[in-house]
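The structure under discussion appears below in the form of structure tokens.
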Amino acid sequence: MKATRKHKDFRSRQAHQTSYQYRISKAVKVVAVIIGAVIGIALWAIAKPILRGLGWLISILTAIGAIYWILTL
């Protein structure tokens, strides 16, 4: 049985639509990766010094607490 022109047109439109949807989903993924990278770099630049300072603060408070504990024995 030979395919009619109507069936050939349907298949070509369906293939084109799938290709278009694939390109959109790929573009969305690329944009999501770029946005994620920007957010990651921003958090690294902002949060890293804050966490480093917080670590120093915890160390100083622990040292003060240990000195106080030793002196009050």
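Because the structure is a prediction, the values reported are computed rather than measured. Values reported hereafter were calculated over all heavy atoms of this structure, with side chains retained and with hydrogens, waters and symmetry mates removed. Along the sequence shown, residues are numbered consecutively beginning with 1.
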Donor-acceptor list for residues 56-63 side chains, cut-off 3.5 Å, not counting sequence neighbours:
| residue | atom | partner | partner atom | Å |
| --- | --- | --- | --- | --- |
| Ser59 | OG | Gly55 | O | 3.0 |
| Thr62 | OG1 | Ile58 | O | 2.7 |

Donor-acceptor contacts under 3.5 Å from residues 33-54 side chains, at least two apart:
none

### Query
So which residues get pulled into Trp69's cluster when ILVMFWY side chains under 4.5 Å apart are joined, directly or through others?
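Grouped by the 4.5 Å side-chain rule, Ile70, Leu73 form the rest of the cluster around Trp69.
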
